[in-house]
Student: 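Sharing a structure, written as structure tokens. Questions coming.
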Protein chains: 2
Amino acid sequence: MRSVHDDLTARAVIRDRALELFAAQGPDAVTVRRIAAAAGVSPGLVIHHFGSKEGLRAAVDEHVAGVFDGLFARASAGELDVADGASLAEAFLGQFPPGSPVPGYLRRLLLSGDAAGTEIFRHWFAASRAMTETLVARGLLAPGRDPEVRTAFLMVNDLVPLLLRDQLADVVGVDPLGPEGAVRWAEGVLDIYHGGLFGTEGELA
Amino acid sequence: MRSVHDDLTARAVIRDRALELFAAQGPDAVTVRRIAAAAGVSPGLVIHHFGSKEGLRAAVDEHVAGVFDGLFARASAGELDVADGASLAEAFLGQFPPGSPVPGYLRRLLLSGDAAGTEIFRHWFAASRAMTETLVARGLLAPGRDPEVRTAFLMVNDLVPLLLRDQLADVVGVDPLGPEGAVRWAEGVLDIYHGGLFGTEGELA
DNA sequence: TAATGTACTGAACATGCGTTCAGTACATGA
DNA sequence: TCATGTACTGAACGCATGTTCAGTACATTA
């Protein structure tokens, strides 16, 4: 028999397959039967372990939220190198292997308005706020007139390649989460952060 | 009997109620029976007019796409005053009465990856690209190293209050689509467009 | 006036859903 | 060795869904 905390239990397998399917198609579009089939178990077992489909969803939410709690903790402990003020997302997303369903699931969490997503969004905002305050204190960033809005703006710019990946890829012709697209996006954003919009040396402002 | 092009036909009523419900809860979460009840007709009539639920969804998509086609046409004809380079969304959204379901439906269209949403996204991007090129030609905007990415960046910043309305409201404490929030967001964005991030006069860059 | 066609209803149908449950297999503890 | 409990199956249940269809009402055309 497998131990309770062994992540190879059928329970964990069900949860992982559900995470993948939910990330790809959304929880409402995925049936208990399909999750069960993907996990190689019976539909009844899914309910046995999670009580209901909603319970499974909550378990997946909690699992993902836990992963990000860990990342936030590592970031604030300085174990994750957050290169500059706007790359929290890059630092986090770089932690997952290429095919990981977690970024896609995070996207759904953030856009759905779920409690778990709201929580992560708040956490993320607080971390971003702390970062900008540190940079301001060190004189690396101007104080800014509206710190709350500015932080939200920076955070959202950081998040947008994840949230609008497909649409941006379609329109600029390169995956903004891929190696090339990420670089181009980051450079484009930094150009504006540095020089503003109205001139490379500001002569037209 | 009402004429075919009278927007008070039962067909139009069904379409409008569907638009509202789809915008609020998403097409998958809304049943044909609920739409029928909201429109004051029988479920059978919904199918009679639109062939299927999917057909109704397509009709709503087409209707909304048509509305935005009209707005794009008016904008490029100069009938809509697009104050500065980044306020296409503001100009468009200002055209709808306060309780209109169209912005909410647009949000779903843009985020869902549907064909209709992709089409609007492309159209929007093309319009943004044309605008920035005009501004560059007039010397009001620096040329920029990566015009495609910069346009996408500006466009997305413009769109983000619509796409992340609830999350931003939760975190900054004011509805970014409301009167006060829109102003604060616009000012925050313009501050960065003007001065960049690293100093109000650029002295720290 | 009679014929035709369109708008519309309401009951019914098939399907697929989440969930239940009786029962099997098997590991653990007494 | 026996009792207990947990993991698990597979058939079944009840329900809500999208859709169908026979039938009614009524406007239009001839």
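As the structure is a computational prediction, the values presented were derived from the model and not from experiment.
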Student: Using a heavy-atom distance cut-off of less than 4.0 Å, which residues of residues 45-59 of chain A contact DNA chain D?
Tutor: L45(A), H48(A), H49(A)

Student: Starting from P on dC17(C), measure out to CD1 on I35(A) and report it in whole angstrom.
Tutor: 11 Å

Student: Go through the structure and list residues passing salt bridge (Lys or Arg N to Asp or Glu O under 4.0 Å) with D114(A), not counting sequence neighbours.
Tutor: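 Expected list: R57(A).
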
Student: Going by the angle between their ring planes, with limits at 30° and 60°, are F153(A) and Y193(B) parallel, tilted or perpendicular?
Tutor: perpendicular

Student: For the side chain of D61(B) and the backbone of A116(B), is there at least one donor-acceptor N/O pair under 3.5 Å apart?
Tutor: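 Absent.
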
Student: Both P27(B) and G44(A) contact DNA chain D. Taking the nearest nucleotide for each, which residue is further toward the 5' end?
Tutor: G44(A)

Student: Can you say whether a donor on the side chain of R33(A) sits under 3.5 Å from an acceptor on the base of dG18(C), or the other way round?
Tutor: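 Check passes, donor-acceptor contact within cut-off.
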
Student: Please answer whether the main-chain N or O of F22(A) pairs with a side-chain N or O of R108(A) as donor and acceptor at a distance below 3.5 Å.
Tutor: yes

Student: So what does T31(A) hit on the nucleic acid, given a heavy-atom distance under 4.0 Å: a base, only sugar-phosphate, or nothing?
Tutor: sugar-phosphate

Student: Which residue, V160(B), L159(B), N157(B), L164(B), forms the side-chain contact (heavy atoms from CB on, under 4.5 Å) with V160(A)?
Tutor: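 Among the candidates, only V160(B) passes.
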
Student: Who pairs with D191(B) by salt bridge (Lys or Arg N to Asp or Glu O under 4.0 Å), at least two apart in sequence or on another chain?
Tutor: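 D191(B): salt bridge (Lys or Arg N to Asp or Glu O under 4.0 Å) contacts with R145(A).
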
